Asker: 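After the structure tokens below, expect a handful of questions from me.
All values reported here derive from a predicted model rather than from experimental measurement. Residue numbers start at 1 and run along the sequence shown.
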Amino acid sequence: MPIPISIYTTFCRHFSSSLPKRPIFTSVPWKYKNQAIKLAQQALTDYLHSTRSLPYTYADQISKNSLVSLSNLVSNIHFTSPTFATSLQKYLRYHPINELEFFYESIGIDYDEVSGFLSNDKFFISEEGSAINVSCVLCDFGFPWNKLGMLYKEEKRVFSMSEEDVKSRLCGLKGFRFSTTSVIGISLAFPFVLRGELSGEIGALFDDLKRVFVDFDLESCVQGNVDAWYEVCRKIRVFYDLGCEKGKVGELMGKSKRIFVDYPVEVLVQKAEFFCKFGVRKEDVGLLLLKKPGILDFQLEGQVISVKGLLKHFGLSAEELKSVAQNYGHVFGRNKMANLPHVMRAMELHEWFFNKIKDGNHQLLASYVMSDPDEDLDEKYRDGLERIQRTRTPMHTMNKLEFLHAIGFGENALTIKVLTDLHGTSSELQERVDCLLRYGIVFSKLCSMIRRMPKILSQKPEILQQKLNYLCEDMKSSLQYLDIFPSFLCFNLENRIKPRHRFHMWLTERGFCKQEYSISSIVATSDKSFVARLHVIHPDAPKLWVDFSHSKAH
């Protein structure tokens with residue numbers, strides 16, 4: 001199972017800030033900047049209202065919430081304080097502008113993403129009549145103008161609806177006995193409620209929300225404004241994004257309502273992301289956090305663990321520890337608690353460990369501390385660190401070492417040995433690991449392969465992909481063969497693997513080769529041994545091999 005994409009990153013795509021992230025009005029002297037912004041906003045408002053016939057309220061919203069686009073516009077005008085307002089009005093009168101750029105930025109779409117929503121043949125807001133009309137209806141209902149981009153990005157079809165349909169839908173949502181403010185907060189967090197049947201998924205969602213807000217009185221803990229409702233609904237959405245079924249978790253959420261009051265949404269998604277790294281079902285992670293909310297108080301980032309000590313703490317017997325250490329010695333030693341999920345996956349103990357926590361032993365995680373400051377210190381590892389500090393590029397090497405720890409390798413001599421044969425930056429190494437995991441190689445087996453043959457990760461992902469394809473599709477083998485012959489991935493595909501394999505197939509098809517040879521014996525033997533074996537197969541085989549290789553080369 002691949003290392004999951006960051007839930008936090010995915011979550012933030014939905015709820016990113018609409019504030020400009022780049023310098024604005026850089027063409028204006030600093031002392032005049034505030035004045036220039038106000039004058040530019042007023043000029044744009046007047047243009048949209050007087051020239052483009054947009055109601056003043058909405059024209060004003062667009063001008064106040066499109067600072068980057070406005071800054072780009074102002075950069076076309078030479079700034080002088082006395083004539084700036086007049087010059088800007090004149091510019092707007094005689095130079096067409098892409099009004100939709102201002103509109104999309106104003107509703108909260110990040111300026112860097114705006115170009116993806118623009119059309120080559122549309123420039124005026126009137127050409128997107130449905131979108132502006134729906135935006136006006138939503139704004140009149142109480143939606144913050146600069147948050148409408150959340151709805152637009154997730155449910156663009158809402159902005160193609162008629163004004164009457166949107167009004168009808170908003171009234172329908174209020175029919176679930178929620179206030180206007182709460183309907184807005186719910187809609188911003190769950191944009192899909194603005195379209196489709198009010199039964200089914202939407203009905204199931206509102207059943208849960210009524211259970212949480214009304215039956216368990218979470219409503220009394222929410223301040224009566226849109227931002228507060230939206231914030232709580234963002235937290236609730238985290239659990240649905242994890243796979244919890246709508247209509248089935250309302251009571252559980254209600255019983256754990258303090259989750260939605262006491263913890264910022266960032267804490268929820270970070271803890272969810274931590275436990276998802278165990279490679280278990282995301283739904284199980286969501287249910288774990290709802291049933292054991294105390295886990296949210298655990299500090300899982302800065303702590304250092306002894307792998308052996310933690311396994312003993314969670315009940316692994318001495319005999320079991322001995323067996324695990326023999327098979328996964330590269331994982332033992334110290335590591336960071338933040339790397340714990342991949343430490344467990346590297347030993348194939350992730351499901352056992354997660355089930356321990358899920359079944360009521362979560363407090364063991366909070367109560368764990370190393371028994372001795374010198375526990376599990378590896379002197380050879382420490383010597384390796386000192387050698388790294390004396391190299392010309394210690395930071396580069398330490399980043400690679402951090403990568404190894406992050407995928408489960410412990411602070412031990414084996415890890416230092418592996419490190420010496422790793423080539424590439426830490427991000428490149430991670431891309432190569434992700435490629436192999438996506439193809440279906442088991443996490444623990446991949447770590448064992450890296451321990452035995454670190455040079456596997458010295459290749460680009462596309463090269464690894466080609467070799468895996470050839471192994472499974474052309475050689476009719478399975479990924480399990482890499483457990484015994486990981487160095488297969490280190491041989492050149494075009495100059496070694498393909499010609500040798502195809503020649504063996506050619507000999508077999510013509511009846512020259514009576515014995516079945518393993519992939520490793522075909523690929524890994526030296527050129528001299530390979531030719532010698534061909535002579536045993538058939539006296540003419542070496543000459544045929546030369547002719548075969550020559551024909552393939554040309």
Asker: Any pair with a residue in residues 485-496 that passes side chain to side chain donor-acceptor pair (under 3.5 Å), sequence neighbours left out, goes on the list, sorted by first then second residue, please.
Answerer: Glu494-Lys498

Asker: Above 12 or not: heavy atoms from other molecules or residues under 6.0 Å from NZ of Lys312?
Answerer: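 Check fails, neighbour count at 12 or below.
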
Asker: Under the side-chain contact (heavy atoms from CB on, under 4.5 Å) rule, collect the residues that match up with Arg211, sequence neighbours excluded.
Answerer: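 Partners of Arg211 by the side-chain contact (heavy atoms from CB on, under 4.5 Å) criterion, ordered by chain and then number, come out as Asp215, Phe216, Glu251.
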
Asker: Ser256 side chain to Leu290 main-chain N or O, any donor-acceptor pair under 3.5 Å?
Answerer: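 Yes; at least one donor-acceptor contact below 3.5 Å.
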
Asker: What I want to check is whether the side chains of His350 and Ser444 have a donor and an acceptor closer together than 3.5 Å.
Answerer: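 Ser444 and His350 do not have a side-chain donor-acceptor pair below 3.5 Å.
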
Asker: Given Arg500 and Asp527, is the side-chain contact (heavy atoms from CB on, under 4.5 Å) satisfied, shown in steps?
Answerer: CA-CA 10 Å; Arg500 287 195 177 190; Asp527 289 337; 2.7 Å; yes

Asker: When rounded to the nearest 0.5 angstrom, what is the spacing between CG in Leu288 and CG in Leu242?
Answerer: 10.5 Å

Asker: Kindly give the heavy-atom pair with the smallest separation between His313 and Leu364, and that separation in Å.
Answerer: NE2-O, 3.0 Å

Asker: I'd like to check Phe192 versus Ile202 (side-chain heavy atoms, cut-off strictly below 4.5 Å). Are they in contact?
Answerer: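 Counting from C-beta outward, Phe192 and Ile202 do come under 4.5 Å.
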
Asker: With rounding to the nearest 0.5 Å, note down the distance linking CZ in Phe298 to CD1 in Ile357.
Answerer: 8.5 Å

Asker: About how many Å separate CD of Gln459 and SG of Cys435, when rounded to the nearest 0.5 Å?
Answerer: 10.0 Å

Asker: Counting C-beta onward and ignoring hydrogens, is there a side-chain heavy-atom pair between Asp378 and Thr415 closer than 4.5 Å?
Answerer: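 No, every pair of side-chain atoms sits at 4.5 Å or beyond.
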
Asker: Within the distance-only criterion (no hydrogens, no angle test), does the side chain of Lys467 pair as donor or acceptor with the backbone N or O of Leu489 below 3.5 angstrom?
Answerer: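 Side chain of Lys467 to backbone of Leu489: a pair is present.
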
Asker: Is a side-chain N or O of Asp207 found less than 3.5 angstrom from the main chain of Gly247, in a donor-acceptor match?
Answerer: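 No; zero donor-acceptor contacts below 3.5 Å.
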
Asker: Applying salt bridge (Lys or Arg N to Asp or Glu O under 4.0 Å), can you list everything that pairs with Glu351, at least two apart in sequence or on another chain?
Answerer: none

Asker: Under the 3.5 angstrom rule, does the side chain of Arg334 hit a backbone N or O of Glu375 as a donor-acceptor pair?
Answerer: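 Yes; judged by distance alone, with no hydrogens or angles, the pair exists.
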
Asker: Going by atom types alone, do Ser478 and Gln480 pair a side-chain donor with an acceptor below 3.5 Å?
Answerer: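 Gln480 and Ser478 do have a side-chain donor-acceptor pair below 3.5 Å.
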
Asker: Tyr439 versus Pro461: any side-chain heavy-atom pair under 4.5 Å?
Answerer: no

Asker: What distance do Phe206 atom CZ and Ile186 atom CD1 have between them, rounded to the nearest 0.5 Å?
Answerer: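 Reported to 0.5 Å precision, the distance equals 4.5 Å.
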
Asker: Find the distance between NZ (Lys308) and CG (Leu316) and round it off to the nearest 0.5 Å.
Answerer: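 Separation between the atoms: 11.5 Å.
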
Asker: List the atom pairs, with distances to 0.1 Å, where a side-chain N or O of residues 379-397 and a protein N or O form a donor-acceptor pair under 3.5 Å, not counting sequence neighbours.
Answerer:
| unit_1 | atom_1 | unit_2 | atom_2 | d |
| --- | --- | --- | --- | --- |
| Tyr381 | OH | His405 | NE2 | 2.7 |
| Thr391 | OG1 | Ile388 | O | 2.6 |
| Thr397 | OG1 | Thr393 | O | 3.2 |

Asker: Who are the side-chain contact (heavy atoms from CB on, under 4.5 Å) partners of Ala406, not counting sequence neighbours?
Answerer: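 Partners of Ala406 by the side-chain contact (heavy atoms from CB on, under 4.5 Å) criterion, ordered by chain and then number, come out as Asn339.
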
Asker: May I ask you to test the Glu348-Val442 pair for a side-chain heavy-atom distance under 4.5 Å?
Answerer: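 Touching, per the 4.5 Å side-chain cut-off.
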
Asker: Write down the atom of Leu296, the atom of Val267, and the distance for their closest heavy-atom approach.
Answerer: O-CG1, 4.1 Å

Asker: Quick one: list whatever passes salt bridge (Lys or Arg N to Asp or Glu O under 4.0 Å) with Glu201, sequence neighbours left out.
Answerer: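 Checked Glu201 against salt bridge (Lys or Arg N to Asp or Glu O under 4.0 Å); matches are Lys246.
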
Asker: So, do Tyr481 and Ser520 sit near enough that their side-chain heavy atoms are less than 4.5 Å apart?
Answerer: yes

Asker: Nearest heavy-atom pair of Val331 and Ala346: which atoms, and what distance?
Answerer: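 Closest approach of Val331 to Ala346, heavy atoms only: CG2-CB, 3.8 Å.
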
Asker: Going by salt bridge (Lys or Arg N to Asp or Glu O under 4.0 Å), name the residues that satisfy it together with Asp262, two or more places apart in sequence or in a different chain.
Answerer: Arg258

Asker: If you define the side chain from C-beta out and look only at heavy atoms, does anything of Ile519 sit under 4.5 Å from Met475?
Answerer: yes

Asker: How close do Arg452 and Pro486 get, counting heavy atoms only, and between which atoms?
Answerer: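 Heavy-atom minimum between the residues: NH2-CD, 3.5 Å.
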
Asker: According to side-chain contact (heavy atoms from CB on, under 4.5 Å), who are the partners of Gln326, at least two apart in sequence or on a separate chain?
Answerer: Lys322

Asker: Within the distance-only criterion (no hydrogens, no angle test), does the side chain of Lys400 pair as donor or acceptor with the backbone N or O of Leu422 below 3.5 angstrom?
Answerer: yes

Asker: Can you tell me how far apart CE (Met449) and CG (Leu482) are? Round to the nearest 0.5 Å.
Answerer: 4.5 Å

Asker: What do you reckon, is CD of Glu462 surrounded by more than 12 foreign heavy atoms closer than 6.0 Å?
Answerer: yes

Asker: Identify, with sequence neighbours excluded, every residue that meets salt bridge (Lys or Arg N to Asp or Glu O under 4.0 Å) alongside Glu283.
Answerer: Arg281

Asker: Hey, is the main chain of Ser317 close enough, under 3.5 Å, to the side chain of Glu320 for a donor-acceptor pair?
Answerer: yes

Asker: Near Lys336 NZ, under 6.0 Å, is it more than 12 heavy atoms from other residues, nucleotides or ligands?
Answerer: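 Counting other residues, nucleotides and ligands, NZ of Lys336 stays at 12 neighbours or fewer.
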
Asker: For Asp227, is there an ion pair with Lys147 - N to carboxylate O distance below 4.0 angstrom?
Answerer: yes

Asker: Begin with the C-alpha distance, continue with both residues' side-chain angles, and end with the deciding distance and a verdict on side-chain contact (heavy atoms from CB on, under 4.5 Å) for Phe260 and Phe213.
Answerer: CA-CA 11 Å; Phe260 308 107; Phe213 285 109; over 6 Å; no

Asker: State whether the side chain of Ser529 and the backbone N or O of Ser526 hold a donor-acceptor pair below 3.5 Å, judged by distance alone.
Answerer: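 The answer is no, because no donor-acceptor pair under 3.5 Å joins these two groups.
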
Asker: For residues Pro499 and Leu493, report the shortest heavy-atom separation together with the two atoms involved.
Answerer: CD-O, 4.0 Å

Asker: Search all heavy atoms of Asp474 against all heavy atoms of His501 and return the closest pair with its distance.
Answerer: O-CE1, 3.6 Å

Asker: Holding to side-chain hydrogen bond (donor to acceptor under 3.5 Å, both in side chains), I want the full list of residues that pass it with Lys445, two or more places apart in sequence or in another chain.
Answerer: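 With sequence neighbours excluded, Lys445 shows a side-chain hydrogen bond (donor to acceptor under 3.5 Å, both in side chains) to Asp483, given in chain and number order.
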
Asker: Please confirm whether the ring centroid of Phe314 lies under 6.0 Å from the ring centroid of Tyr368.
Answerer: no

Asker: Counting only heavy atoms from other residues, nucleotides and ligands, does the tally under 6.0 Å from NZ of Lys255 exceed 12?
Answerer: no

Asker: Using the test side-chain contact (heavy atoms from CB on, under 4.5 Å), find all partners of Asp374 that sit at least two apart in sequence or belong to another chain.
Answerer: Asp372, Leu377

Asker: Decide yes or no for Leu436 and Ile456: does some side-chain heavy atom of the first lie under 4.5 Å from some side-chain heavy atom of the second?
Answerer: yes

Asker: Please test Leu464 against Glu431 for side-chain contact (heavy atoms from CB on, under 4.5 Å), starting from the C-alpha separation and ending with a verdict.
Answerer: CA-CA 11 Å; Leu464 292 169; Glu431 287 176 6; over 6 Å; no

Asker: Checking Tyr328 now: which residues fulfil side-chain hydrogen bond (donor to acceptor under 3.5 Å, both in side chains) with it, not counting sequence neighbours?
Answerer: none

Asker: Is the closest side-chain heavy-atom distance between Leu340 and Leu300 below 4.5 Å?
Answerer: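 The answer is no, as the side chains (C-beta and beyond) never meet within the 4.5 Å cut-off.
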
Asker: How far apart are the C-alpha atoms of Val285 and Lys277, what are their side-chain angles, what is the distance that settles it, and do they pass the side-chain contact (heavy atoms from CB on, under 4.5 Å) test?
Answerer: CA-CA 10 Å; Val285 171; Lys277 288 179 181 177; over 6 Å; no

Asker: Could you check whether any side-chain N or O of Asn412 sits under 3.5 Å from a backbone N or O of Phe332, counting only pairs where one atom can act as donor and the other as acceptor?
Answerer: yes

Asker: Does Arg451 use its side chain to pair, donor to acceptor, with the backbone of Val418 at less than 3.5 Å?
Answerer: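 The answer is no, because no donor-acceptor pair under 3.5 Å joins these two groups.
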
